[in-house]
Amino acid sequence: MQYSGAKAKLLSSFTNPPINTTGRAAEQTILSLLQSCKTLFNLTQIHSQILKFGLQNNPLVLTKFASTSSILNAIDYASSFIFSSNSTTHYDSFLFNTIIRAYAFTSHSKNNALHFYKHMVGINVMPNKFTYPFVLKACAGLGNLNLGKQVHGSVMKFGFDDDIHVNNTLVHMYCCCSGGIEFARIVFDGMCKSDCVSWSVMIGGYARLGMSSDAVELFRKMQIEGVRPDEVTLVSLLSACTDLGALELGKWVESFIEKEKVQKSVELRNALIDMFAKCGNVDRALSLFRSMSDRTIVTWTSVIVGLAMHGRGLEAVALFNEMTKSGVAPDDVAFIGLLTACSHSNLVDEGKTYFNLMKTEFAVVPKIEHYGCMVDLFGRAGLVKEAVQFVENMPIKPNSIIWRTLITACRAHDELHLGETITKKLISKEPMQESNYVILSNIYAKMSHWEKKTSIRDVMGKKGIMKIPGSTMIELDNNIYEFVAGDKTHDNYKEIYEMIDEMARKMRRAGYVPTTTEVLLDIDEEDKEDALNRHSEKLAIAFALLKTPPGTSIRIMKNLRICGDCHSATKFISKVYNREIIVRDRNRFHSFRDGVCSCKDFW
DNA sequence: TGTTAAGTAA
């Protein structure tokens, strides 16, 4: 490579170094080399120059060296000098901050950051207020709560707990450690000064942990206290809206952005797209997407996933092709979206093709999730043999999700004995997982093995298996209501149960037959029907029918997959009450209208 | 002789 001008001159002074230079001049030479050339020179050469000049313990040189480039080697060289040094050279906080910072920002070396922090304290170099944000960032990356608490102790000991930056990073650190969220809130509540970043960190912490109601609640408090949210706050808030299915709140965020002229970063627009897609308004997501000229892989993936969830697989595939043509390289998440789109829309050939292209053309190594998508693709399409073969030939050891996907396919396509065998194997490996027993119970129901089905309940009771309660959420008049099966905690519960009875009568007249085999309980048929009628989604629909004007759409969100009976019942409800009912379950959207579901019963 | 904090996709 040819260099000209100043660089060429420096390069020549480097290859023909002023050998006799000593002291201040040598220091200046090295510093200017490091200053001007950064990554131009081979670090090993600079290293040998430093040794030649005897500057290996010079704090200035080391600091410059460590901050010279983002190349980890530079930091490693600098840090090895410090550790190998047995001189009494005094290194100041800035040198350590530089090194800690470099390590804290490098994904694999966060331990080194802590290492240096401890070394620094050990040789009596005082940390300053700039030190802790770096150290705490490293702690956050490591997610080690005890380590974080230790550093928190030092922060207090050295009296930096009145610094807003330090406190903000403390809150963030606790948010990133498992089991740390309560500590985060304690620090947050105890801060003598707080700003938009403090609130954003805390709201973001709740949102990432799926504590979405807490995130929304804290945002409301932020509004009351008059702190202006910025685009980062709103990304976290939108993520909470997405999780809760809170479309109205999401729309409010969009109008807030316009009204308050919040900077519309790509991340913020991506979050809006994701929110609209997952709150049931995929067309709004699409139009936002079309209006963007600075799309990232996240933008594309968000709409592809959104379309997949709505069963619009062909459009998702078309968008994927448009994306690759426009020069955006697909990553592993994009492929998960694409393959999900194929499996939810019965596009077996397309799915197979893209799975192969993934490796050959796009150099994305398939992960267990991609294999899972393929098993699902075959399984849903009724190709159980292909699914089994695929699992047998997988280069990765199948996990329990793969097995459950396969079992679900067996159950749906009447490979009941195979399903039973695999489920029993799975239960022996994973005896505390409730869903394994639910699947087995459903298989026995389909086989009419009622005694076996009944005995499952005893087994579960003996093992003390925790049930994940099904719950359904609905957003009405700026409130989010949550229902669980058999819920009687709601203010209007009497009205709701009367409505349930009315719904049951009208549905029966329209030809609805309850699917009582879905009930796990050991009770008689009439009680089973009663239990089905109290499923959380039916309670939420009854509540919505009571509280919203006739003819308007009803949107509900379920935490698990919608059960077969509720799916069939909702079709009848949509017809009898002339309502569009949009259900978001764990996997996808179901849009019921006039007795038909948008998923065409393919789910 | 200087440096610091937060966010999105299955």
Side-chain angles (χ1 to χ4, degrees), chain A residues 31 35 59-60 63-64 66-67 92-102 104-105 127-137 140 160 163-173 175-176 184 188 191 194-208 215 229-243 262-263 265-275 277-278 285 289 295-309 316 323 330-341 343-344 367-370 372-373 376 401 586-588:
Chain A
L31 285 179
Q35 174 71 37
L60 254 181
T63 307
K64 203 59 162 183
S67 61
D92 70 354
S93 320
F94 182 65
L95 171 58
F96 279 95
N97 289 355
T98 307
I99 291 175
I100 292 168
R101 175 179 192 275
F105 278 86
N128 61 20
K129 65 171 180 174
F130 299 112
T131 311
Y132 283 102
F134 299 141
V135 176
L136 289 165
K137 186 181 172 78
F160 293 118
D163 184 281
I164 191 163
H165 289 129
V166 173
N167 279 323
N168 287 346
T169 34
L170 259 176
V171 176
H172 180 243
M173 177 277 293
C175 285
C176 292
F188 176 79
M191 283 167 70
S194 65
D195 60 6
C196 170
V197 176
S198 325
W199 291 86
S200 302
V201 169
M202 198 63 229
I203 292 170
Y206 282 136
R208 239 176 310 123
D230 69 2
E231 73 277 9
V232 180
T233 329
L234 296 181
V235 167
S236 294
L237 180 64
L238 281 170
S239 162
C241 292
T242 308
D243 186 48
V262 179
Q263 199 208 326
S265 63
V266 182
E267 289 86 348
L268 185 55
R269 281 168 292 148
N270 287 349
L272 273 172
I273 288 177
D274 187 45
M275 182 278 294
K278 293 206 185 122
F289 168 82
R295 300 168 192 150
T296 66
I297 183 71
V298 177
T299 322
W300 288 93
T301 308
S302 301
V303 266
I304 290 173
V305 169
L307 288 167
M309 283 184 78
M323 173 180 88
D331 62 4
D332 52 336
V333 185
F335 271 105
I336 292 169
L338 176 68
L339 295 175
T340 317
S343 77
H344 282 263
K367 294 186 186 171
I368 190 91
E369 292 93 333
H370 301 99
C373 289
D376 195 43
I401 299 172
R586 205 190 157 89
N587 276 346
R588 59 165 293 152

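Proteins come first, then strands; the chains are lettered A, B, ... in the order of their sequence lines, and each starts at number 1.
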Contact class for [X] (heavy atom, under 4.0 Å): base, sugar-phosphate, or nothing?
| X | answer |
| --- | --- |
| Val201(A) | sugar-phosphate |
| Asp274(A) | sugar-phosphate |
| His172(A) | sugar-phosphate |
| Val298(A) | base |
| Asn167(A) | nothing |
| Ser198(A) | nothing |
| Asp332(A) | nothing |
| Lys129(A) | base |
| Arg269(A) | nothing |

Criterion side-chain contact (heavy atoms from CB on, under 4.5 Å) on Thr340(A) and His344(A), from CA distance to verdict: CA-CA 6 Å; Thr340(A) 317; His344(A) 282 263; 3.3 Å; yes
Thr233(A) side chain near Cys196(A) side chain, heavy-atom distance below 4.5 Å: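 Yes, close enough: below the 4.5 Å cut-off.
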5' to 3' contact window, DNA chain B with chain A (heavy-atom distance under 4.0 Å):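 Taking any atom under 4.0 Å from a heavy atom of chain A, the span is dG2(B) to dA10(B).
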Distance-only donor-acceptor check, side chains Ser302(A) and Asn270(A), under 3.5 Å: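 Note: Ser302(A) and Asn270(A) side chains miss the donor-acceptor criterion.
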Arg295(A): side chain to side chain contact (heavy atoms under 4.5 Å, CB included) partners, not counting sequence neighbours: Phe289(A), Arg290(A), Met292(A), Thr299(A), Trp300(A), Glu322(A)
Side chain to side chain contact (heavy atoms under 4.5 Å, CB included) partners for Asp163(A), two or more places apart: Lys129(A), His165(A), Val166(A)
NZ or CZ of Arg208(A) within 45° of Tyr206(A) ring axis and under 6.0 Å: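 No cation-pi geometry.
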